[in-house]
Amino acid sequence: MPELPEVEVVRRGLTDFTTGRTIDAVEVLHPRPVRRHLAGPDDFVARLKGQVFATPARRGKYLWLPLESGDAVLTHLGMSGQFRVQPVGAPDEKHLRVRFRFADDGGEVRFVDQRMFGGLSYSEGGAELPGEIAHIARDPFDPLFDEDLFVAAVRRRKTGLKRALLDQSLVSGVGNIYADEALWRAKLHYARATDTMKPLQIREILRHAREVMAAALEVGGTSFDALYVNVNGESGYFERGLATYGQENSPCPRCGRPIRREAFMNRSSYRCPKCQPVPRHARW
DNA sequence: CTACCTGCCTGTCGGC
DNA sequence: TGCCGACAGGCAGGTA
């Protein structure tokens, strides 16, 4: 499940295989991944022919491939989207959705997506920052991320802490896995009411989110259920670094109590019942 | 404006 | 053995 670290691994991997290369042909094998390109698959293909890629960029979980024309290919991996680099003629992946062929002798770039929550679209003038994602907050690794603004915005919200961490208009890039891991590191419960938190506590949880995502990035990300691999098809190793996510009934690495799985926000949340007790001020 | 819910997708797995 | 529901979950778009 790609969150910020996994998307960054993919961005770095794509850099070597797209930057400066001229697109010869794009093939859309399934229309759904280009559904957000309203002009349709044929228009998507036609616009890209002959264009040259610049260096891939990222904000949060969004990735885009700027073009020298000033436009961009905007992408989101969703739950199961993958970019793969393959030699021309290699067998198609079962869930291959879009293929990029190049004018040189090098390999193809392929977008593979089992569940098709992800997708690609053509962003006019989007090389710097696609207008489609202008509403997405900067992520915690963005040098221009405004921490004071974040603290103030979180405290204004009447909600629970995990909801705030997952809200892409407050901070981007954090998903279910790293939200749970950051909460565990900060010894905070997911339902901690944000409007009663002290500014320093909010800075702390943000610091933990940054640290856990940086640690994951260093080892190639988290490949929890094999739906995430890098552009060469390799898994990341951070699953071993997870303290809570997916660790139901395993001992808390800090206190030994069994990790608990709870339904929250129509998904699973994992926490240590001792390190992260239900707070006095809670919002579910 | 904020807060929160639902639909979108497919493959896997457990229960019966 | 096969069928069915639960589950995985980010985000757009909707409601109140």
Side-chain angles (χ1 to χ4, degrees), chain A residues 1-8 10 28-38 58-64 74-83 93-98 111-121 123 130-137 139 149-150 152-183 190-196 209 213 221-229 235 239 242 244-249 260-270 281-284:
Chain A
M1 279 148 274
E3 301 181 21
L4 187 156
E6 292 75 30
V7 178
E8 177 60 15
V10 172
V28 176
L29 293 97
H30 197 298
R32 203 166 310 279
V34 296
R35 65 193 175 280
R36 293 189 63 193
H37 185 75
L38 301 178
R58 183 189 55 73
R59 173 178 285 195
K61 289 173 267 198
Y62 277 94
L63 173 67
W64 67 97
L74 176 62
T75 82
H76 196 291
L77 300 178
M79 284 205 51
S80 55
Q82 305 174 351
F83 275 101
E93 291 78 2
K94 185 175 178 193
H95 302 293
L96 176 62
R97 309 304 187 190
V98 179
F111 183 71
V112 177
D113 192 1
Q114 177 199 104
R115 294 177 194 166
M116 294 190 287
F117 273 40
L120 294 75
S121 61
S123 176
E132 295 87 339
I133 59 166
H135 64 290
I136 301 294
D139 63 60
L149 202 68
F150 174 75
V154 168
R155 296 186 77 213
R156 264 199 312 272
R157 288 293 177 95
K158 296 186 183 310
T159 191
L161 182 54
K162 185 170 175 180
R163 286 184 193 276
L165 289 174
L166 296 178
D167 187 332
Q168 303 295 295
S169 69
L170 294 174
V171 56
S172 66
V174 183
N176 203 35
I177 295 175
Y178 298 112
D180 278 2
E181 294 298 314
L183 287 165
Y190 53 78
R192 181 70 173 80
T194 55
D195 54 341
T196 59
M213 290 197 291
T222 303
S223 296
F224 193 72
D225 57 7
L227 287 179
Y228 161 73
V229 292
S235 295
E239 196 184 329
L242 297 176
T244 61
Y245 184 84
Q247 310 300 311
E248 185 177 18
N249 295 328
R260 227 179 250 177
R261 179 168 77 99
E262 290 160 338
F264 176 66
M265 291 178 75
N266 295 322
R267 65 196 60 188
S268 289
S269 283
Y270 298 87
H281 301 289
R283 288 184 187 276
W284 306 85

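Numbered from 1 within each chain, the chains take letters A, B, ... in sequence-line order.
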**Asked** Sequence neighbours excluded, which residues qualify as salt bridge (charged side-chain N to carboxylate O under 4.0 Å, His left out) partners of A:E8?
**Response** A:R11, A:R12, A:R58

**Request:** Mind checking the CD1-CG spacing from A:I136 to A:L170? Nearest 0.5 Å is all I need.
**Result:** 11.0 Å

**Prompt:** Quick one: A:F264 CZ to C:dC7 C1', roughly how many Å, whole number?
**Reply:** 18 Å

**Message:** Applying side-chain hydrogen bond (donor to acceptor under 3.5 Å, both in side chains), can you list everything that pairs with A:D195, at least two apart in sequence or on another chain?
**Reply:** A:R283

**Prompt:** Could you write out DNA chain C as a dot-bracket string, with dots for unpaired bases, | for bases paired across to another strand, and Watson-Crick or G-U pairs counted at under 3.5 Å?
**Reply:** .|||||||||||||||

**Asked** For A:N266, which contact category applies under a 4.0 Å heavy-atom criterion: base, sugar-phosphate, or nothing?
**Response** base

**Request:** Decide side chain to side chain donor-acceptor pair (under 3.5 Å) for A:Y62 and A:E132; before the verdict, give the C-alpha distance in whole Å, the side-chain angles of both, and the deciding distance to 0.1 Å.
**Result:** CA-CA 10 Å; A:Y62 277 94; A:E132 295 87 339; over 6 Å; no

**With A:E248 via side-chain hydrogen bond (donor to acceptor under 3.5 Å, both in side chains) - residues at least two apart** = A:R261

**Prompt:** What string of B, S and - do you get for nucleotides 10-16 of chain C 5' to 3' if you count protein non-hydrogen atoms under 4.0 Å?
**Reply:** BSS----

**Complete:** When A:R157 and A:R115 are each assigned the nearest nucleotide of DNA chain B, the 5'-most assignment goes to A:R157

**Item:** Listed partners of A:R155 passing salt bridge (charged side-chain N to carboxylate O under 4.0 Å, His left out), at least two apart
**Value:** none

**Item:** Residue pairs, two or more places apart or on separate chains, that pass side chain to side chain donor-acceptor pair (under 3.5 Å) and touch residues 28-38 of chain A
**Value:** A:H37-A:D43

**Request:** For A:S80, enumerate each residue passing the side-chain hydrogen bond (donor to acceptor under 3.5 Å, both in side chains) test, keeping only those at least two apart in sequence or located in another chain.
**Result:** A:D113

**Request:** Using the test side-chain hydrogen bond (donor to acceptor under 3.5 Å, both in side chains), find all partners of A:T75 that sit at least two apart in sequence or belong to another chain.
**Result:** none

**Asked** By salt bridge (charged side-chain N to carboxylate O under 4.0 Å, His left out), which residues pair with A:K61, not counting sequence neighbours?
**Response** none

**Prompt:** Listed by chain and number, what are the ring-ring contact (aromatic ring centres under 6.0 Å, His included) partners of A:Y178, not counting sequence neighbours?
**Reply:** none

**Request:** Walking along DNA chain B from 5' to 3', note the first and the last nucleotide with an atom under 4.0 Å from a heavy atom of chain A, and give both.
**Result:** B:dA3 to B:dG11

**Asked** NA contact type, A:R283, heavy-atom cut-off 4.0 Å: base, sugar-phosphate, or nothing?
**Response** nothing

**Request:** Would you indicate what A:S268 reaches in the nucleic acid, counting non-hydrogen atoms under 4.0 angstrom: base, sugar-phosphate, or nothing?
**Result:** sugar-phosphate

